[in-house]
Trainee: 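The structure is given below, and queries will be raised subsequently.
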Amino acid sequence: ALGYFAVTLVFDSLVLLLIRTFLAMENSLLPALIIFAGSVVRIGSALIFSRLIGVSGLALGFSIGGLANVLLLWFFLKGQTGRYFDNLNEKQIISSAIKVLSIALLAGLAARRVLWITVPLSGAFGFWGLLMQSTLAGLIGIAVYVVLGLFLKLPEIKIIWNSLVRRLPLKETISAQLEPIEEKKL
């Protein structure tokens, strides 16, 4: 159930961003109506899926309603501001989102696999065992994400790397040894 519910965090964050865009254009009625419609979708899909798969269906229905909110808000926002969003390059946004979500899924699966492997090794019931498991799983998940991000040439990975290099106390030495990756304009 938590896996389904975690997806909702992304949708609800996007909903807040899109609502603020409407509010900046001094339009509060349309997003309120859209959120009401999305709430109806949330309740309906939660009822349907809870009968099919139990408690997990509530979370899945909640996520589907969040997706409906995002799609409806985006559709109506683009309709109201079409001439301002002509150069938004939605294909690149969708491509980047698919890459990031795919990499995040693979990194999460790798971290989960590390948890499964380390349970018999760490005695997962003690504090130190759980600390070792979660630290190792988190580090492996981050490593998988970074490696796959570099492989798929995500500009965000390069931006984070350059930001870290600039903040290090020995940045002159590191810059001389490792040439920082060029930042791309987004």
Trainee: Going by side chain to side chain donor-acceptor pair (under 3.5 Å), name the pairs with one or both residues in residues 93-115, residues two or more places apart or in two chains.
Mentor: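 Those involving residues 93-115 do not exist here.
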Trainee: Applying the 4.5 Å side-chain criterion to the ILVMFWY set and letting contacts propagate, would L47 and I64 be lumped into a single cluster?
Mentor: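 L47 does not cluster with I64.
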Trainee: Are L72 and F75 co-members of a hydrophobic cluster defined by side-chain heavy atoms under 4.5 Å apart?
Mentor: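 Shared cluster, yes.
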Trainee: Check side chain to side chain contact (heavy atoms under 4.5 Å, CB included) between L131 and all other residues, then give those that pass, not counting sequence neighbours.
Mentor: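 Only F127, W128, T135 meet the side chain to side chain contact (heavy atoms under 4.5 Å, CB included) criterion with L131.
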Trainee: Mind checking side chain to side chain contact (heavy atoms under 4.5 Å, CB included) for L105 and listing every partner two or more places apart, or none if nothing turns up?
Mentor: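 Residues passing side chain to side chain contact (heavy atoms under 4.5 Å, CB included) with L105: L109.
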Trainee: For G61 versus S45, what's the shortest heavy-atom pair and its separation?
Mentor: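 Between these two residues, the closest heavy atoms are O-OG, 2.8 Å.
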Trainee: What distance do L115 atom CG and Q133 atom CD have between them, rounded to the nearest 0.5 Å?
Mentor: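 Answer rounded to 0.5 Å: 5.5 Å.
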Trainee: Could you pull out all donor-acceptor pairs under 3.5 Å where a side-chain atom in residues 32-39 meets a protein atom, sequence neighbours excluded?
Mentor:
from : atom 1 : to  : atom 2 : distance (Å)
S39  : OG     : I35 : O      : 2.9

Trainee: Residues in side chain to side chain contact (heavy atoms under 4.5 Å, CB included) with A68, at least two apart?
Mentor: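 In terms of side chain to side chain contact (heavy atoms under 4.5 Å, CB included), with neighbours along the sequence ignored, A68 is linked to V41.
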Trainee: So, do V55 and S50 sit near enough that their side-chain heavy atoms are less than 4.5 Å apart?
Mentor: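 The answer is no, as the side chains (C-beta and beyond) never meet within the 4.5 Å cut-off.
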Trainee: Can you get from F76 to L23 by hopping between Ile, Leu, Val, Met, Phe, Trp and Tyr side chains that sit under 4.5 Å apart?
Mentor: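 Linked, F76 and L23 end up in one cluster.
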Trainee: For F49 and L52: C-alpha separation, side-chain torsions, deciding distance, then whether side chain to side chain contact (heavy atoms under 4.5 Å, CB included) applies.
Mentor: CA-CA 5 Å; F49 285 110; L52 295 174; 4.3 Å; yes
Trainee: Find out if a path of hydrophobic residues (ILVMFWY) with successive side-chain heavy-atom gaps under 4.5 Å connects W74 to L71.
Mentor: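 Linked within one cluster.
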Trainee: Can you give me the closest heavy-atom contact between A107 and G141, atom names plus distance?
Mentor: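 Residues A107 and G141, closest heavy atoms: CB-O, 3.3 Å.
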Trainee: Take L77 and M25, measure what side chain to side chain contact (heavy atoms under 4.5 Å, CB included) needs, and give me the verdict at the end.
Mentor: CA-CA 10 Å; L77 180 65; M25 297 183 323; 3.7 Å; yes
Trainee: Side chains of S56 and L60: does their closest heavy-atom pair fall under 4.5 Å?
Mentor: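 Of all side-chain heavy-atom pairs linking L60 with S56, none is under 4.5 Å.
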Trainee: What distance do L150 atom CG and I103 atom CD1 have between them, rounded to the nearest 0.5 Å?
Mentor: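 Separation between the atoms: 9.0 Å.
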Trainee: Do L152 and V100 share a hydrophobic cluster (ILVMFWY, side-chain heavy atoms under 4.5 Å, transitive)?
Mentor: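 Yes; tracing contacts between hydrophobic side chains, which count when under 4.5 Å, links both residues.
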Trainee: Which donor-acceptor pairs under 3.5 Å do the side chains of residues 6-19 make with protein atoms, sequence neighbours left out?
Mentor:
from : atom 1 : to  : atom 2 : distance (Å)
T8   : OG1    : F5  : O      : 3.4
T8   : OG1    : S63 : OG     : 2.6
D12  : OD1    : R42 : NH2    : 2.6
S13  : OG     : L9  : O      : 2.8

Trainee: So do the side chains of Y145 and L106 get within less than 4.5 Å of each other, counting heavy atoms only?
Mentor: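 Contact flag for Y145/L106 side chains = no.
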